[in-house]
Protein chains: 2
Amino acid sequence: MASIKDVASRAGVSTATVSRALNNHPAVAPDTRTRVLEAADTLGYHPNGVARSLRTNRTRTLGLVISDVLNPFFTELARAVEDEARALGYSVIIGNADEQPDLQDHHIRTLVGRRIDGLLVSPADGEAPVLRETARAGRTPMVFVDRSIPGLDVPVVRTDGTGAVRDLVDHLHRIGHRRLAVIGGPAATTTGAERVDAFRHALARYGLPLPDEYIGHGDFQVGSGRRITEGFLDLEQPPQAVFAADNLMALGAMDAIRERGLRVPQDIALAAFDDIPWFLHTAPPLTAIAQPTGDLGRAAVRALVDRIEGRPARSVTLTATLVVRRSCGATERSSR
Amino acid sequence: MASIKDVASRAGVSTATVSRALNNHPAVAPDTRTRVLEAADTLGYHPNGVARSLRTNRTRTLGLVISDVLNPFFTELARAVEDEARALGYSVIIGNADEQPDLQDHHIRTLVGRRIDGLLVSPADGEAPVLRETARAGRTPMVFVDRSIPGLDVPVVRTDGTGAVRDLVDHLHRIGHRRLAVIGGPAATTTGAERVDAFRHALARYGLPLPDEYIGHGDFQVGSGRRITEGFLDLEQPPQAVFAADNLMALGAMDAIRERGLRVPQDIALAAFDDIPWFLHTAPPLTAIAQPTGDLGRAAVRALVDRIEGRPARSVTLTATLVVRRSCGATERSSR
DNA sequence: CTGAAAGCGCTTACAG
DNA sequence: CTGAAAGCGCTTACAG
């Protein structure tokens, strides 16, 4: 591949001048610039970003480590992150941790080795020594998005779903449901714990308990949603409504319910955290708590780039909202 | 950040020895190796991958340019690509072209600038000078996945859906549908054209025509599926069945059908190319043509790595299969 | 406005 | 088994 030297000799200037011309440095004579550009063009020259990065100590690349690309919430998040990053002049490398802490650590190690300028992480459950160490060392600017690890000095950009969960419980209560169950995420993920807590507190406002057998410990993936829902249905007193802490576990719940020949909402009500386009077309359309996912991703990138470029980065909390559809029953005709 | 020099001086050896010790070069005395590893460890040394890449002229990185990350088919493809790449020791950088040829070209330029070792592309519709030039120059090993650009000397890893489309038409015909319409992709994408052609040929086997007004020219995105379906429904003789050439356009079709207060399959049958988990839970569950998406992604990576490592790369064609659900009507009770 | 030179952090052929 | 040295392709402070 043509290098800067080739361009320099063809244009009859030094490599320093080629570099300046190509980087729009002001101190380059107009016709020198023209000659350089022509030479670069005829040689099909593409500057070597690796060499530039080594020299400038910047890669103009962001790392994004998420727990599951196949989860539509994270897909949308990743897309927003990439869009905003591109707008700010950065590329992004995505690492998919698949909810496995060691895969997450593997990605972080690789990304740091590549000298990305900054790191966006939505931490998975479990021990993640590399993540902790990277955050603690503070050499790579980092921002948590969606989920966080308490106790680390890292800004977090997240959504607060407390109000929306309260709205959901109001909705369920109004319909007449009293036995409410939740499929939570891994306890060690902040979102996993928060959503269950919010649910419990919302129930308490009606004097309703959240017994242990109505709390499922899922992992944000389809299989756990299914398994936990089967457990609920096997109970002597199955719940009247199930709230899944993410969309994949809701999908698993639908699988389980359908396999038993039961119907939503006639036999059991269902709602999910995270809204996705398909929920409009499920049978029935699913009531869900919608995060402003695009805003979340963009805010995270801005916070990270602020850190990278030496500005102070603030944590950001956005607000989720309840989207009522038909999966919890109709409000009009009281309970069933 | 600690560099190889720091490790060298702490271990009392040269940087050459540090490099060898860290890269498991055989010619390093055991205790020297130990001393180096200890030094690296206490300094929290992470080798600078940028410098290494500059020196070795390899980045151990693959580029993947796809047309739409939000399309579950591509999400799954990307995931498989990343898994296989990791298994072979490569990272992957994803570029989302959003079905825009210039965004696609932007990503290719960026990736080539980063000196990725190889490029996997699912080309978008339209003029893509950078893509063509990159393929023609042949400096960056390239493999097309899913879609291709005819006339370029680039291996392609794809799925053949001809048989599955024939099965679909058999299925529709058996149910009694005779007026069959198709929502195609952009004519310039190979998959866009192939799926429509396969459909047309399958109809011909029954002596059924595929009139122009039953051919929609979509762009693989939700909006076009909706718009085209509305057009179909506005026809004097609306089709009895609609085949959408990807899952997002099928989603758009469902939107349009629902808005008119019509039902699938009673009022109109619907089937899609690409099967996704949600199709099990739509109202009704959607009949779809399933690609072996994971295999596709993995085969593409292997073909690309073959090229990168100097082995000959072969094109690969996998086979799609029809998954019958309920969105075309029941075969048992003849037609409606 | 331009160039010579240093240097970013590695790897590796060469010599011993 | 180990080290000195060159060099990958850039950018940039310095000098003119």
Side-chain angles (χ1 to χ4, degrees), chain A residues 1-37 39-40 43-61 89 109-117 139-140, chain B residues 1-37 39-40 43-61 89 109-117 139-140:
Chain A
M1 254 183 192
S3 85
I4 197 172
K5 269 190 200 162
D6 304 314
V7 179
S9 62
R10 178 170 250 271
V13 296
S14 72
T15 59
T17 299
V18 174
S19 176
R20 291 197 194 94
L22 261 26
N23 291 298
N24 297 314
H25 189 100
V28 178
D31 58 314
T32 309
R33 182 184 312 272
T34 323
R35 240 174 330 129
V36 169
L37 293 182
L43 292 173
Y45 172 68
H46 291 271
N48 185 326
V50 175
R52 172 183 298 182
S53 289
L54 179 61
R55 180 56 231 246
T56 60
N57 206 23
R58 302 209 45 186
T59 52
R60 293 233 138 236
T61 303
R109 209 190 326 261
T110 310
L111 291 167
V112 169
R114 271 157 198 276
R115 297 298 192 263
I116 43 137
D117 293 338
R139 279 186 289 253
T140 306
Chain B
M1 257 186 190
S3 84
I4 198 171
K5 269 190 203 164
D6 303 315
V7 180
S9 62
R10 179 170 249 273
V13 297
S14 71
T15 59
T17 299
V18 174
S19 176
R20 292 197 193 93
L22 261 27
N23 292 298
N24 296 316
H25 188 101
V28 177
D31 60 312
T32 310
R33 185 187 308 274
T34 324
R35 242 178 324 133
V36 169
L37 293 181
L43 292 172
Y45 171 68
H46 291 269
N48 184 326
V50 176
R52 171 183 298 182
S53 290
L54 178 61
R55 181 54 232 244
T56 60
N57 205 23
R58 301 209 47 185
T59 52
R60 293 235 138 236
T61 304
R109 210 192 324 263
T110 310
L111 291 168
V112 170
R114 275 160 195 273
R115 298 297 192 263
I116 44 137
D117 292 338
R139 279 186 289 255
T140 307

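Computed from a prediction, not measured in an experiment: that's the story for all the values here.
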Across the strands shown, which category fits A/V50 at heavy-atom distances under 4.0 angstrom: base, sugar-phosphate, nothing?
nothing
Length of the line joining B/D31:CG and D/dC1:C1', which is rounded to integer Å:
11 Å
Assuming nearest nucleotide by heavy-atom distance, tell me which of B/P26 and A/N23 is located more 5' along DNA chain D.
B/P26
Rounded distance in Å - CG (B/L22) to P (C/dC10):
9 Å
Of the listed nucleotides D/dA13, C/dC8, C/dT12, the one nearest the side chain of B/K5
C/dC8
Measure the distance from CZ on A/R115 to C1' on D/dC10 and round it to the nearest whole Å.
18 Å
On DNA chain D, does the nearest nucleotide to B/S14 precede the nearest nucleotide to A/V18 from the 5' side, or the other way round? Give the residue.
B/S14
Check whether the side chain of A/R20 and the base of C/dG3 form a donor-acceptor pair under 3.5 Å.
yes
Please work out if B/N48 contacts a base, only the sugar-phosphate, or nothing of the nucleic acid, heavy-atom cut-off 4.0 Å.
sugar-phosphate
Figure out the CD1/P separation between A/I4 and D/dG7, and round it to whole Å.
18 Å
Quick one: does A/R33's side chain have a donor or acceptor within less than 3.5 Å of a partner on A/H25's backbone?
yes
With side chain to side chain contact (heavy atoms under 4.5 Å, CB included) as the criterion, how do A/L22 and A/L37 come out once you've worked through the C-alpha distance, each side chain's angles and the decisive distance to 0.1 Å?
CA-CA 7 Å; A/L22 261 26; A/L37 293 182; 3.6 Å; yes
Keeping the roles fixed (side chain from A/R60, backbone from A/G89), state whether a donor-acceptor pair exists under 3.5 Å.
yes
Take atom CZ of A/R35 and atom C1' of C/dC1, then tell me their distance rounded to the nearest Å.
12 Å
Please determine whether side chain to side chain contact (heavy atoms under 4.5 Å, CB included) holds for the pair B/S19 and B/I4, giving the CA-CA distance in whole Å, both sets of side-chain angles, and the decisive distance to 0.1 Å.
CA-CA 8 Å; B/S19 176; B/I4 198 171; 4.0 Å; yes
Separation of the P atoms in C/dC1 and C/dA5, to the nearest angstrom
24 Å
Using a 3.5 Å limit on both distances, find every run of at least three consecutive Watson-Crick or G-U pairs that involves DNA chain D.
C:1-3 with D:14-16, C:5-12 with D:5-12, C:14-16 with D:1-3
Distance-only polar pair, side chains of A/R114 and B/T61, donor-acceptor under 3.5 Å:
yes
Report which part of the nucleic acid A/T32 touches: base, sugar-phosphate, or nothing (heavy-atom distance under 4.0 Å, all strands).
sugar-phosphate
Interatomic distance, A/D6 CG vs D/dG9 P [rounded to whole Å]
9 Å
Steps toward side chain to side chain contact (heavy atoms under 4.5 Å, CB included) verdict (A/R20, A/V13)
CA-CA 11 Å; A/R20 291 197 194 94; A/V13 296; over 6 Å; no
For B/A16, report the nucleic acid contact type (base, sugar-phosphate, nothing); a contact means any heavy atom under 4.0 Å.
base
Main-chain N/O of B/R52 paired to B/T56 side chain as donor or acceptor, under 3.5 Å
yes
Starting at atom CG of B/N57, determine the distance to atom P of D/dC8, rounded to an integer number of angstrom.
10 Å
Respond yes when some side-chain nitrogen or oxygen of A/T15 is under 4.0 Å from OP1 or OP2 of D/dT11, and no when none is.
no
So, OP1 or OP2 of D/dG9: does either fall under 4.0 Å of a side-chain N or O from A/S3?
no
Nucleotide nearest A/R52 (side chain, heavy atoms from C-beta), chosen from C/dC14, D/dC1, D/dC10:
D/dC10
Would you mind classifying the nucleic acid contact of A/A27 as base, sugar-phosphate or nothing, using non-hydrogen atoms under 4.0 angstrom?
base
Nucleotide C/dG3, atom C1' - distance to NE2 of A/H25 in whole Å:
13 Å
Counting just side-chain N and O atoms, does A/T17 come under 4.0 Å of either OP1 or OP2 of C/dG3?
yes
Determine whether A/V112 and B/M1 satisfy the following criterion, side chain to side chain contact (heavy atoms under 4.5 Å, CB included), listing intermediate values before the conclusion.
CA-CA 11 Å; A/V112 169; B/M1 257 186 190; 4.2 Å; yes
